[in-house]
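Take a look at the structure below.
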Number of protein chains: 2
Amino acid sequence: MVRSTFLVNAAYADAAREHGLTPQQGQLLCVLMAQPYGMGELGAMLGLAKSSMTGLVDRTERNGLVRREPDARDTRAVRVALTEEGGRLADDFYADACRRIENLAAGLPPADKDALAGLLGRVVADNEAPEVFTESTGGE
Amino acid sequence: MVRSTFLVNAAYADAAREHGLTPQQGQLLCVLMAQPYGMGELGAMLGLAKSSMTGLVDRTERNGLVRREPDARDTRAVRVALTEEGGRLADDFYADACRRIENLAAGLPPADKDALAGLLGRVVADNEAPEVFTESTGGE
DNA sequence: CTTCGGTAATTCGCGGCACGAACTACGCAA
DNA sequence: TTGCGTAGTTCGTGCCGCGAATTACCGAAG
């Protein structure tokens with residue numbers, strides 16, 4: 001259902017706005033919660049061109065949420081890391097976004113919520129790691 | 001699951017791009033498949049400010065997909081309608097987008113697909129028409 | 001009829017977002 | 001050393017979304 005996607009999108013965007021973030025900047029912060037990454041890695045993870053990343057990191061850096069650090073192993077490369085403030089905001093935003101999305105399913109009985117989570121998890125798993133081992137379904 | 005939303009978004013965006021549309025223009029076409037609407041109505045349906053609609057309709061009109069028609073009852077108002085070409089494209093795009101999204105669940109057995117559709121439908125129904133009749137669940 | 005508040009849409013200026021092409025600067029191997 | 005590949009940036013373009021101000025009209029109240 002496409003419409004359920006709109007709901008999630010809207011909930012996500014609302015959560016971001018309420019924390020003074022754009023959805024993209026929020027996503028960036030969430031990715032960086034785990035660990036710092038290089039620009040190229042971030043682009044791959046978020047599905048963006050390198051040139052798009054520069055701007056996104058620029059804006060987020062200007063807001064004091066992330067920092068560019070030199071990579072010890074590679075003079076060319078850069079590690080993007082959360083600042084103190086960025087880390088706090090990321091935690092808050094992440095929790096809030098989860099809460100809101102959880103809330104969308106509030107009308108469902110717990111068993112159905114579990115079922116839904118399980119099904120969506122399967123869909124994600126099926127689509128997240130394709131490419132390899134396309135044995136029987138002559139894909140492309 | 002937020003990630004399933006990304007998948008749907010990506011599938012939708014891909015479908016749009018392949019038909020030479022932006023996601024927003026694709027959405028506009030889909031809404032107009034049913035019938036023409038005024039600018040204000042469209043803004044409400046798509047969750048956009050009126051000033052945002054003007055530009056979106058401008059660009060889509062420039063591509064020859066929609067047309068502004070005067071409203072017989074109200075000289076101020078405008079009806080936005082699909083052109084011939086826009087109608088064809090809307091049909092194609094809509095079918096394609098549905099196919100792609102359907103495909104995301106291809107790895108699930110039919111029974112699970114039905115279950116998923118049912119659950120998501122409930123979530124949508126619960127969230128689409130709130131506001132009224134919040135009787136027992138002291139909502140908000 | 002005139003006045004006047006509300007409404008439909010547009011215009012303007014701003015900023016975010018995404019892209020590709022061109023460029024810099026470095027890593028690395030031949 | 002030469003030269004290819006890679007990490008990031010810059011630049012120019014276009015889409016998108018917003019709020020504030022503006023234009024033009026509707027409709028009701030006086």
Side-chain angles (χ1 to χ4, degrees), chain A residues 6 9-10 12-14 16-32 36-81 93, chain B residues 6 9-10 12-32 36-81:
Chain A
F6 289 155
N9 278 338
Y12 189 84
D14 283 351
R17 187 150 16 90
E18 206 158 279
H19 289 272
L21 291 169
T22 65
Q24 290 80 357
Q25 292 181 15
Q27 208 181 340
L28 176 61
L29 294 190
C30 287
V31 167
L32 292 176
Y37 286 104
M39 301 292 286
E41 293 171 301
L42 287 174
M45 260 181 285
L46 304 181
L48 298 179
K50 283 187 304 184
S51 53
S52 308
M53 285 309 308
T54 302
L56 180 56
V57 172
D58 279 352
R59 289 184 292 272
T60 314
E61 189 172 33
R62 194 188 320 141
N63 294 343
L65 304 177
V66 300
R67 187 174 32 219
R68 279 179 170 94
E69 299 173 343
D71 185 323
R73 313 189 184 313
D74 189 339
T75 325
R76 297 169 300 176
V78 156
R79 314 252 74 195
V80 182
F93 165 65
Chain B
F6 289 155
N9 278 338
Y12 189 84
D14 283 351
R17 186 148 19 89
E18 207 159 279
H19 289 271
L21 292 168
T22 65
Q24 290 79 358
Q25 292 181 15
Q27 209 181 341
L28 176 61
L29 294 191
C30 287
V31 167
L32 291 175
Y37 286 103
M39 300 293 285
E41 293 171 301
L42 288 174
M45 260 181 284
L46 304 182
L48 299 178
K50 280 187 304 184
S51 54
S52 309
M53 285 309 309
T54 302
L56 180 56
V57 172
D58 279 351
R59 289 184 292 272
T60 314
E61 188 172 33
R62 195 187 320 141
N63 295 342
L65 304 177
V66 300
R67 188 174 29 220
R68 279 178 169 93
E69 299 173 342
D71 184 324
R73 314 192 182 313
D74 189 337
T75 325
R76 298 169 298 177
V78 156
R79 315 253 73 194
V80 182

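Note that the structure is predicted; figures quoted are calculated from it, not measured. The chains referred to below are lettered A, B, ... by the order of the sequence lines, with proteins before strands, and numbering in each begins at 1.
- When each of A:L48 and B:S52 is assigned the nucleotide of DNA chain C bearing its nearest heavy atom, the one mapping closer to the 5' terminus is B:S52.
- Within the structure, salt bridge (charged side-chain N to carboxylate O under 4.0 Å, His left out) contacts touching residues 43-54 of chain A (residues at least two apart or in different chains) do not occur.
- Summarising the geometry of A:M53 relative to A:G43, their closest heavy-atom pair is CG-CA, 3.6 Å, with the distance given to 0.1 Å.
- Evaluation of the side-chain contact (heavy atoms from CB on, under 4.5 Å) rule for B:A44 yields no partner, not counting sequence neighbours.
- Using a 4.0 Å heavy-atom criterion, one finds that B:R68 contacts the sugar-phosphate atoms exclusively.
- Here A:R68 pairs with A:D58, A:E61 under the salt bridge (charged side-chain N to carboxylate O under 4.0 Å, His left out) rule; sequence neighbours left out.
- Computed from coordinates, the B:L46 CG to C:dA9 P distance equals 13 Å when rounded to whole Å.
- A:V66 and A:V57 get closest at one heavy-atom pair: CG2-O, 4.1 Å.
- A straight line from CG of A:L42 to P of C:dA18 spans 13 Å, rounded to a whole angstrom.
- Non-hydrogen atoms lying under 4.0 Å from DNA chain D are contributed by B:T22, B:Q24, B:Q25, all within residues 19-28 of chain B.
- Axis angle between the ends of the helix from C:dC1-D:dG30 to C:dA30-D:dT1, five pairs each and rounded to 10 degrees, works out to 10°.
- Contact check for B:L28 versus B:L42: side-chain heavy atoms found under the 4.5 Å cut-off.
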Salt bridge (Lys or Arg N to Asp or Glu O under 4.0 Å) evaluation trace for B:D74 with B:R76: CA-CA 5 Å; B:D74 189 337; B:R76 298 169 298 177; 2.9 Å; yes
Heavy-atom protein contacts under 4.0 Å, nucleotides 22-30 of chain C, coded B base, S sugar-phosphate only, - none: ---BBS---
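- Contact record, A:D71 with A:V78: CB-N, 4.4 Å, taken as the closest heavy-atom pair.
- Here B:S51 pairs with B:A49 under the side-chain contact (heavy atoms from CB on, under 4.5 Å) rule; sequence neighbours left out.
- Contacts between residues 53-66 of chain B and DNA chain D, counted as heavy-atom distances below 4.0 Å, involve B:L56, B:R59.
- You'll find the side chain of B:Y37 stays beyond 4.5 Å of the side chain of B:V80, heavy atoms only.
- By the 4.5 Å heavy-atom criterion applied to side chains, A:T60 and A:L29 are counted as neighbours.
- Applying the side-chain contact (heavy atoms from CB on, under 4.5 Å) test to B:A10 and every residue at least two apart in sequence or in another chain returns nothing.
- Sequence neighbours left out, the pairs with a member in residues 16-31 of chain B that pass side-chain hydrogen bond (donor to acceptor under 3.5 Å, both in side chains) are B:D14-B:R17, B:E18-B:R100, B:H19-B:D96, B:Q25-B:N63.
- Rounding to the nearest 0.5 Å gives a distance of 6.5 Å between CG of B:L65 and CG of B:L21.
- Here the range on DNA chain D touched by chain A, meaning any atom under 4.0 Å from one of its heavy atoms, is D:dG5 to D:dT10.
- Listed by chain and residue number, A:E41 satisfy the side chain to side chain donor-acceptor pair (under 3.5 Å) test with A:R79 (two or more places apart in sequence, or in another chain).
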